[in-house]
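Below is one structure, written out as structure tokens; the observations come after it.
Side-chain atoms are counted along with the backbone in the values below, which use heavy atoms only and exclude waters and symmetry mates. This is a predicted model, so every value here is computed, not measured. Proteins get letters first, then strands, A, B, ... in listed order; numbering begins at 1 in each.
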Amino acid sequence: RKRKKMEEGKRLFDGLNACFDKDPLIDELGFILSASDFGADEKDGFIANSEHKLGITYWCIPIIQKFCHPLFMMLKHRLIDSHSPRISLWSQFNQQDQNLLILFFQTTRILLLINSDCYSAFNARKWMLTVEENSKENGEEGKNLLNFDTELRFLNLLLTKHPKSGEVWVHRRWILNRWKLRGNSLDSIWRQDVEICTRVSVIYPKNYHAWNHRAWILKQVNSQKRCLEDLGMMNDWCRRNLSDHCGFHHRKTILLQLFNLQISMSEQVEGEDVGEIWKREFFFVEKLIILYPGHESPWSYRRFLSYYSLHWYTFNDQWRRKCKGDPFRFSSVTKGEDHWKEENFVKFLVKLDLNNWISNEFTESVEWNLNREMEFTLHCILDEGAEKYEKQSKFASMYRIWLIQTVLGMLKKNTEPDSAETKEKILLFEECRNTIESLTKNLSVSQQMVDELMRKNDYSFLPIE
Amino acid sequence: MDLMNALGEMDREEIISYILSCKHPNGGFGGNVGHDAHLLYTLSAVQVMAILNALDRLDIDSIVKFVSSLQNEDGSFQGDEWGEIDTRFSYCAVCCLAILGRKDAIDTQKAAEYVLKCRNFDGGFGCTPGAESHAGQIFTCVAALSILGQLDKIDADLLGFWLCERQLDCGGLNGRPEKLEDVCYSWWVLSALAILKRLHWINLDKLKSFILQCQDDDNGGIADRPGDVADVFHTFFGLCGLSFCGYPGLKAIDPTYALCADTIQRLGL
């Protein structure tokens with residue numbers, strides 16, 4: 001009976017591989033309950049249609065796995081592990097082993113289709129690609145089992161079924177790094193990779209690996225043009241996915257990269273000054289916070305924007321010179337009635353142009369300072385009429401606590417900590433800290449934590465070096 | 001099993017032979033028999049052998065050679081010969097060598113410097129510099145810095161603040177803003193808070209009742225959230241979380257090494 005299973009395994013294995021020989025452009029993978037549902041012969045175990053889609057039945061997976069995995073391990077041992085040092089040219093293999101290479105390649109393909117976390121299978125492919133390159137460089141004939149393009153296509157295929165697999169992205173980066181090392185520019189595949197990341201993030205939102213890869217490829221190309229392009233794409237994404245912290249984090253990545261590019265080039269390159277972009281980002285996030293209250297991600301993004309506005313004003317001459325006013329400007333501890341005055345709020349709403357709230361243009365900017373910030377947060381905390389009020393007031397309150405702690409930490413580390421001006425500011429914010437109970441609402445964190453933070457004599461939340 | 005004082009119910013020798021069968025000539029261990037050597041599984045192997053008090057069965061020098069060979073010039077660690085870098089690997093390397101008493105084999109100063117490069121403005125850590133703060137990565141970075149003796153470089157209040165924001169109304173913890181609660185974060189978040197000495201900042205009672213709701217009454221295991229299917233991974237992390245919450249009948253667990261306190265004592269850490 002065991003032999004029968006093996007035979008069946010081999011039959012299914014051969015059938016699946018034949019699919020790829022017939023159609024090298026397969027671009028979507030799924031697992032299905034039954035092949036006959038799709039008009040195929042059930043005992044084939046899979047369906048492959050003319051639109052490059054492949055569906056593998058659940059029932060055939062364990063059979064194929066039982067056949068394929070030991071075969072892969074055996075071949076891996078024979079072709080890779082048993083050689084020390086490892087084989088680096090095809091010609092180093094005897095004829096018998098050379099004949100096994102196609103089969104070995106096929107086992108990696110099938111294993112990864114079923115389980116794309118099988119890192120040893122990915123490693124085997126890395127080895128094969130390396131040997132292929134070495135051999136060609138050495139004047140030998142390649143085996144043409146795989147190359148950069150086919151590998152990327154295969155990874156794209158795997159991602160349609162395994163969007164959460166970390167190993168897929170690891171392999172992708174290895175491929176791209178190697179491609180770059182051979183003198184190619186990653187800029188030419190930037191858009192394609194961004195598309196893949198977007199597509200995967202739609203299938204499986206808040207996908208850490210996908211977004212991480214998107215940040216990686218952006219850092220690799222390191223161009224202001226691509227940063228601005230990516231930021232433009234993120235406008236739509238962030239507006240449609242307000243709970244997607246990854247999306248907002250990607251904005252942080254882009255903005256930091258733009259800042260570093262500007263600093264390293266010591267003058268504006270093409271287009272925007274980063275400080276101006278920052279102001280528009282404040283408007284962008286504030287609009288989202290007002291229009292769609294109760295989402296944590298925009299508030300988290302606001303922290304980022306505020307942090308660096310204060311941090312660079314304090315520690316970066318270039319940035320400070322371009323600032324129109326002192327962002328640390330703060331004149332009073334706001335009491336209950338002094339919340340963001342109705343007329344200011346109305347003015348802000350007019351600027352939002354509610355008739356055109358889906359507009360992609362963010363031409364408005366915000367002249368940011370702590371006075372305005374404290375008023376805005378207090379407004380959100382007290383605006384009981386707002387939708388999702390409890391959540392909104394919670395996030396606004398947490399933001400306020402975070403902001404006060406951060407400001408105090410920065411003032412302490414200020415270049416002129418003993419100046420009368422700085423001392424005055426410290427006193428003002430200490431007063432804010434003391435009145436925190438009346439000015440925060442709906443917190444779900446422990447009172448103990450808030451108390452410990454607020455009662456400390458030394459200021460934590462120090463700026464990072 | 002060790003947490004529940006039930007280690008005796010497992011076949012020690014069987015586990016040891018299995019672990020040793022995953023060893024590679026270069027000193028590293030694979031995830032299963034025949035699989036390639038990788039830092040992740042090398043740490044797991046060493047941890048299991050430490051729990052079983054069987055470190056003497058390992059070729060320690062070869063493991064040390066494998067681990068230290070994976071450190072790069074900037075202090076980061078790659079997971080294996082193929083080069084992927086991630087702060088998780090920094091933790092694996094540092095933790096593994098600490099258990100074996102061989103931290104001296106790597107450049108500890110550079111290792112700490114690289115981890116700190118992965119710190120974000122919110123106090124959290126990502127997998128690489130600039131990556132999104134993630135409770136799992138935060139645990140590995142905080143624990144690594146603790147082992148390297150550089151915890152003072154972390155703003156514990158700032159990071160503690162971020163970690164406490166992971167607790168949701170249901171009492172469970174998530175790993176990043178606006179993600180779902182998951183029992184495994186009972187480990188990643190709590191252990192980080194414990195190392196930072198701010199465990200009392202979390203509402204432990206609410207968390208305890210959340211974890212208990214995640215137990216599958218039929219087979220006894222713990223799932224990622226109430227009603228889902230249990231697995232070994234989440235059972236382990238759920239038990240760790242309960243241990244932190246002081247659940248009776250469980251041993252104390254060390255937050256840095258993920259080993260029981262008595263194992264830590266035996267190792268002299």
Select one option (side chain, backbone, both, neither) describing which atoms of [X] are under 4.5 Å from chain B's heavy atoms.
X         : value
Ser243(A) : both
Tyr208(A) : both
His295(A) : both
His209(A) : neither
Val445(A) : side chain
Asn123(A) : both
His249(A) : side chain
Phe122(A) : neither
Lys76(A)  : side chain
Glu452(A) : side chain
Tyr307(A) : side chain
Glu296(A) : both
Met398(A) : both
Trp211(A) : neither

Can you list the residues of [range] that sit under 4.5 Å from chain A, counting heavy atoms only?
range                       : value
residues 67-76 of chain B   : none
residues 26-40 of chain B   : Gly30(B), Gly31(B), Val33(B), Gly34(B), His35(B), Asp36(B), His38(B)
residues 127-145 of chain B : Cys127(B), Thr128(B), Pro129(B), Gly130(B), Ala131(B), Glu132(B), His134(B), Gln137(B)
residues 198-210 of chain B : Arg198(B), His200(B), Trp201(B)

With heavy-atom distances below 4.5 Å as the criterion, would you say the side chains of [X] and [Y] are in contact?
X         : Y         : value
Arg176(B) : Cys246(A) : yes
His245(A) : Lys179(B) : no
Trp82(B)  : Trp127(A) : yes
Phe161(B) : Gln405(A) : no

Does [X] have more than 12 heavy atoms from other residues, nucleotides or ligands lying within 6.0 Å of its [atom1]?
X         : atom1 : value
Lys126(A) : NZ    : yes
Phe233(B) : CZ    : yes
Glu390(A) : CD    : no

Would you mind checking if Arg86(A) and Glu81(B) are paired as a salt bridge, meaning a charged N to carboxylate O distance below 4.0 Å? yes
Should the pair Arg303(A)-Asp122(B) be classified as a salt bridge under the 4.0 Å nitrogen-to-oxygen rule?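 A salt bridge is absent here (no side-chain N lies under 4.0 Å from a carboxylate O).
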Heavy atoms only, distances under 4.5 angstrom: which of Leu159(B), Asp157(B), Asn120(B) has the most pairs with chain A? Name it, please. Asp157(B)
So which residue, Ala156(B), Pro177(B), Pro25(B), ends up with the most heavy-atom pairs under 4.5 Å with chain A? Pro177(B)
Could you go through the side chain to side chain contact (heavy atoms under 4.5 Å, CB included) check for His311(A) and Phe121(B) one step at a time? CA-CA 10 Å; His311(A) 182 72; Phe121(B) 84 97; over 6 Å; no
Engaged part of Asp155(B) at the chain A interface, taking heavy atoms whose separation is under 4.5 Å: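 For Asp155(B), side-chain heavy atoms alone lie under 4.5 Å from chain A.
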Honestly, the part of Asp86(B) sitting under 4.5 Å from a heavy atom of chain A is neither
I need the minimum non-hydrogen distance between Ser444(A) and Asp169(B), along with the two atoms involved.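 Closest approach of Ser444(A) to Asp169(B): CB-OD1, 3.9 Å.
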What is the ring orientation for Tyr41(B) with Tyr119(A), classed by angle as parallel under 30°, tilted 30 to 60°, or perpendicular over 60°? parallel
